[in-house]
Novice: 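What follows is a structure written as structure tokens; I'll ask about it next.
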Amino acid sequence: MGTENPVNFAYMGRSFDDLTNGDSSGAFSDCNSDRSGEFPMASSQSRRLLISCASDNSDELIQQLVLDLESCSIDEQKQAAMEIRLLAKNKPENRLRIAKAGAVRPLISLISCTDPQLQEYGVTAILNLSLNDENKELIAASGAIKPLVRALMSGTSTAKENAACALLRLSQMEENKIAIGRSGAIPLLVNLLGNGGFRGKKDASTALYSLCSVKENKIRAVKAGIMRPLVELMADFGSNMVDKSAFVLSVLVSMSEARTALVDEGGIPVLVELVEDGTQRQKEIAAVILLQICEESVLYRTMVAREGAIPPLVALSQSGTNRAKQKAEKLIELLRQPRSGNYAATTSNVCV
């Protein structure tokens, strides 16, 4: 199924002209190497790791670590995965070398193991290797998507967060987006968005933004109940998730099902509040979303007007960015259009 261009911002190589400066870098930041901290270890192990990360001639060590990944000893597998993770984290040039040495398939096997710590190490190592663009195709072709989705479902909190990041990295290849969606990732990411810690919410929103450029993934996200956490996060100015949630929402509202779900979850009052009290960027993206909601629905126009949207929109049309002014003016014009008698008759029983 084809990819639909979301509106109003630029991110991860996609350019959208309707948001301020065409830049959402302040709202989203790409997933970098794992931020879960160093693993506790004995002093002898720490010394070996320091030597490993500092070595300029580590090909022999990498080959040994790849062999250790397939050891019959879980402890040896954990140690090897931990060292590979650190080598890939601390020296970007090692990421391609590790992949070329054959580490990807055995690491993927670790993601499917029942030991939660070993699974976490495998997920984290795959994430770090995926930071090299040349590795993405190999990782996906080696069968990483389904094990990463399983880790997203049943792993430790760190494994879930790093799995979300790894899936984001793989989703940057267009051909992987449908495969990730069809592997069951979308409902799990929606759950992480609603119930994870701050990092989990951030990583889930970024992954969902990327994946939902594909229409069938938009449908999955709406069916999975994404509107409730998006609206809740947009309403919480202290969550540091207002921008991210609004941008994800802007990707979805091109679908009528998404607009209905947004209204059902109480999204209109939240968006009007953003136009009134948000930052300049939040005001702009909220106006854009409200315009999309109202363009084809007289009922939604009435609901937006009754929430008191016109005064803050007038203010935005006078003091916002050029794009914000344009969107606000167009929306004001829609909201001020007279309602027909037929509309009033058909909606007289609707509480707004």
Side-chain angles (χ1 to χ4, degrees), residues 3 6 10-14 24-25 27-36 81 84-100 103-108 110-112 119-153 155 157-186 188-190 192-193 196 199-214 217 221 244 247-248 251:
T3 298
Y11 178 59
M12 295 196 307
R14 302 211 306 275
S24 69
S25 58
F28 286 103
S29 59
D30 203 356
C31 287
N32 297 314
S33 61
D34 65 276
R35 292 152 285 175
S36 54
I84 285 174
R85 166 256 180 178
L86 287 174
L87 282 168
K89 176 180 181 179
N90 293 309
K91 296 192 73 174
E93 60 269 28
N94 282 336
R95 294 166 188 161
L96 188 59
R97 296 164 69 187
I98 292 169
K100 288 183 174 179
V104 171
R105 288 189 182 277
L107 284 171
I108 291 172
L110 298 189
I111 298 175
S112 300
Q119 180 189 57
E120 180 182 312
Y121 292 0
V123 169
T124 307
I126 285 292
L127 165 60
N128 289 352
L129 293 180
S130 74
L131 299 177
N132 183 296
D133 288 340
E134 293 183 54
N135 288 340
K136 291 178 191 174
E137 183 176 359
L138 172 62
I139 291 170
S142 299
I145 290 174
K146 288 184 178 180
L148 286 171
V149 171
R150 285 195 292 271
L152 189 60
M153 177 173 59
S157 60
T158 297
K160 289 178 180 179
E161 292 165 353
N162 287 344
C165 267
L167 289 168
L168 164 65
R169 298 295 303 180
L170 298 184
S171 76
Q172 291 168 353
M173 297 179 64
E174 289 295 320
E175 58 268 30
N176 289 336
K177 292 183 179 182
I178 290 177
I180 293 171
R182 291 178 179 176
S183 295
I186 302 295
L188 298 172
L189 288 168
V190 170
L192 187 61
L193 180 68
R199 185 194 156 191
K201 293 176 188 290
K202 176 185 173 187
D203 294 344
S205 68
T206 311
L208 285 163
Y209 164 73
S210 177
L211 290 166
C212 286
S213 65
V214 175
N217 287 341
K244 297 175 183 66
F247 288 137
V248 174
V251 175

Novice: Ala163 and Leu148: which non-hydrogen atoms are nearest, and at how many Å?
Specialist: CB-O, 3.6 Å
Novice: Determine, step by step, whether Asn162 and Arg199 satisfy the side chain to side chain contact (heavy atoms under 4.5 Å, CB included) criterion, reporting the C-alpha distance in whole Å, the side-chain angles of both residues, the deciding distance to 0.1 Å, and the verdict.
Specialist: CA-CA 10 Å; Asn162 287 344; Arg199 185 194 156 191; 2.3 Å; yes
Novice: Would you check if the side chain of Ser210 reaches a backbone N or O of Ala207 as a donor-acceptor pair within less than 3.5 Å?
Specialist: no
Novice: Once side chain to side chain contact (heavy atoms under 4.5 Å, CB included) is applied, do any residues pair with Ala125, and if so which ones, sequence neighbours excluded?
Specialist: Ile84, Arg85, Leu107
Novice: I'd like to know if the side chain of Arg169 pairs up with that of Asn128 as donor and acceptor (distance under 3.5 Å, no hydrogens or angles considered).
Specialist: no
Novice: Work out which heavy atom in Ala88 is nearest to a heavy atom in Arg95; give both atom names and the distance.
Specialist: O-NE, 2.7 Å
Novice: Indicate the atoms forming the closest heavy-atom contact of Gly143 with Ile108, along with that distance.
Specialist: O-CG2, 3.8 Å
Novice: Roughly how far, to the nearest 0.5 Å, is CG of Leu127 from CG of Leu170?
Specialist: 9.5 Å
Novice: Which pair of heavy atoms, one from Lys160 and one from Met153, lies closest together, and at what distance?
Specialist: CE-O, 3.7 Å
Novice: State the CD-OG1 distance between Gln119 and Thr124, to the nearest 0.5 angstrom.
Specialist: 9.5 Å
Novice: Kindly compute the distance separating OG (Ser130) from CE (Met173), expressed to the nearest 0.5 Å.
Specialist: 12.0 Å
Novice: Would you compute the distance between atom CG of Asn94 and atom CG of Leu86 and round it to the nearest 0.5 angstrom?
Specialist: 11.0 Å
Novice: If you take all heavy atoms of Leu152 and Leu192, which pair is closest and at what distance?
Specialist: CD1-CD2, 4.1 Å
Novice: Sequence neighbours excluded, which residues qualify as salt bridge (charged side-chain N to carboxylate O under 4.0 Å, His left out) partners of Lys136?
Specialist: Asp133
Novice: Quick one: are Tyr121 and Leu110 in side-chain contact, heavy atoms under 4.5 Å?
Specialist: no
Novice: For Asn135, what residues pass the side chain to side chain donor-acceptor pair (under 3.5 Å) criterion, not counting sequence neighbours?
Specialist: none
Novice: Please report the interatomic distance CG(Leu129) to CD1(Ile98), rounded to the nearest 0.5 Å.
Specialist: 5.5 Å
Novice: Working to the nearest 0.5 Å, report the span between OG1 of Thr158 and CD of Glu120.
Specialist: 4.5 Å
Novice: Look at the side chain of Asn217 and the backbone N and O of Lys177, then say whether any donor-acceptor pair between them is shorter than 3.5 Å.
Specialist: yes
Novice: Treating Lys201 as the side-chain partner and Leu193 as the backbone partner, does any N or O pair qualify as donor plus acceptor under 3.5 Å?
Specialist: yes
Novice: Could you check whether any side-chain heavy atom of Asp203 comes within less than 4.5 Å of a side-chain heavy atom of Leu168, counting everything from C-beta outward?
Specialist: no
Novice: Grab the two heavy atoms, one from Arg150 and one from Ser112, that are nearest each other, plus how far apart they are.
Specialist: NH2-OG, 3.0 Å
